[in-house]
Amino acid sequence: MSTFPIHPLRLLSYTTRIYLTLHLIYTHLYTQALTHGASMLPTFSVYGDSALISRYYRRGRDIHVGDMVTFDSVVKPGEKVIKRVLGMPGDYVLRDTPRRDGGCGGMMMQVPQGHCWVVGDNMPYSRDSRHFGPMPLALIKGKVLSKFQSWYDPRWVEDGLKPPELD
Amino acid sequence: MPPPVELFPANPSLPERATANLKGRRRKDFDGNLMKCELLELVQYECEVENPNDRRAMARCWPIVRLFRRCRDREGPFTVETTAWEGERSKE
């Protein structure tokens with residue numbers, strides 16, 4: 001008589017299936033990531049928020065201007081970052097940072113083929129396309145769907161690009 | 001390495017530049033009149049954290065509104081950031 005309630009090989013089989021299913025979900029469907037840092041204030045706090053990310057949008061599929069995307073940091077290898085897309089291939093964007101007083105100036109450019117232009121919401125604290133230039137769409141790992149505080153209270157991310165509010 | 005890009009000032013050349021597509025050819029069914037395109041805005045911020053090492057520190061943020069025009073040519077929609085172009089025009 002076996003001392004295991006389930007045969008070890010069957011247990012190994014179940015464990016492997018669960019692991020592979022979870023791996024498929026995290027790499028191809030949805031994942032959750034803790035966020036930290038000041039570059040996406042006030043959308044994400046410096047500590048303690050997390051983001052629900054859809055992997056459907058990986059490699060830039062169906063991404064539009066105003067979306068928030070996650071990708072591998074080009075500044076700190078191995079670290080993932082979240083930024084907002086301001087330009088897709090063929091769009092025209094401001095390379096420089098607009099000022100709080102409404103002044104601007106600066107130079108403009110067209111986003112090249114296969115690239116996007118990403119900028120953090122808190123511009124003074126963000127290292128983004130203003131520093132490393134247009135980013136390949138292929139580096140995008142997913143799109144942020146919500147600021148995810150709990151399964152019961154997801155705060156869905158609104159469309160970043162919207163008609164102007166009337167004064 | 002990102003590909004080399006050409007930089008240009010928003011004023012006065014943005015409308016003329018916007019008529020070029022990715023191949024450098026003139027866009028079809030778009031005459032360069034940005035004012036006819038849909039006006040959109042995207043709000044970003046300039047935030048200051050009083051004490052970044054304190055997890056309960058408050059952040060103060062000031063909005064910075066960026067303006068965009070969503071235009072269309074024969075191939076579909078494209079966006080043009082007009083923050084500098086329209087901002088400077090409005091001061092004239």
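Letters A, B, ... are given to chains in the order of the sequence lines, protein chains preceding strands, and every chain is numbered from 1.
- When heavy atoms are compared at a cutoff of 4.5 Å, B:Leu14 approaches chain A solely by way of its side chain, counted from C-beta outward.
- Contact of A:Val119 with chain B is made through backbone and side chain together, with heavy-atom distances under 4.5 Å.
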Report the C-alpha separation of A:Thr21 and A:Arg17 in whole Å, then their side-chain angles, then the decisive distance to 0.1 Å, and conclude whether the side-chain hydrogen bond (donor to acceptor under 3.5 Å, both in side chains) test is met.
-> CA-CA 6 Å; A:Thr21 304; A:Arg17 281 188 225 174; over 6 Å; no
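- Here A:Pro89 is the residue among A:Pro136, A:Pro89, A:Gly87 with the most heavy-atom pairs under 4.5 Å with chain B.
- Ranking B:Thr79, B:Ile64, B:Leu42 against chain A, the residue ahead of the rest is B:Thr79, based on heavy-atom pairs under 4.5 Å.
- Heavy atoms closer than 4.5 Å to chain A are found in both the backbone and the side chain of B:Glu46.
- Contact of B:Val5 with chain A is made through the side chain alone, with heavy-atom distances under 4.5 Å.
- With hydrogens and angles disregarded, no donor-acceptor distance shorter than 3.5 Å links the side chain of B:Arg17 to the backbone of A:Met108.
- Every pair passing disulfide bond (SG atoms under 2.5 Å apart) that includes a residue from residues 54-86 of chain B is listed here, sequence neighbours excluded: B:Cys37-B:Cys71, B:Cys47-B:Cys61.
- Each of B:Ala20, B:Ser13, B:Ala59 has some count of heavy-atom pairs under 4.5 Å with chain A, and the biggest count is that of B:Ala20.
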Could you go through the salt bridge (Lys or Arg N to Asp or Glu O under 4.0 Å) check for B:Arg72 and B:Asp29 one step at a time?
-> CA-CA 8 Å; B:Arg72 294 189 76 88; B:Asp29 298 340; over 6 Å; no
Chi angles and distances behind the salt bridge (Lys or Arg N to Asp or Glu O under 4.0 Å) call for A:Asp67, A:Arg84 = CA-CA 6 Å; A:Asp67 289 342; A:Arg84 199 176 288 279; over 6 Å; no
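- Looking only at distances, no side-chain donor or acceptor of B:Asp73 sits under 3.5 Å from a matching main-chain atom of B:Phe30.
- Using a 4.5 Å cut-off between heavy atoms, B:Phe78 contacts chain A through both its backbone and its side chain.
- Considering only heavy-atom pairs separated by less than 4.5 Å from chain B, the leading option among A:Pro112, A:Pro42, A:Pro134 is A:Pro42.
- Heavy-atom neighbours of A:Arg130 CZ from other residues, nucleotides or ligands within 6.0 Å: above the threshold of 12.
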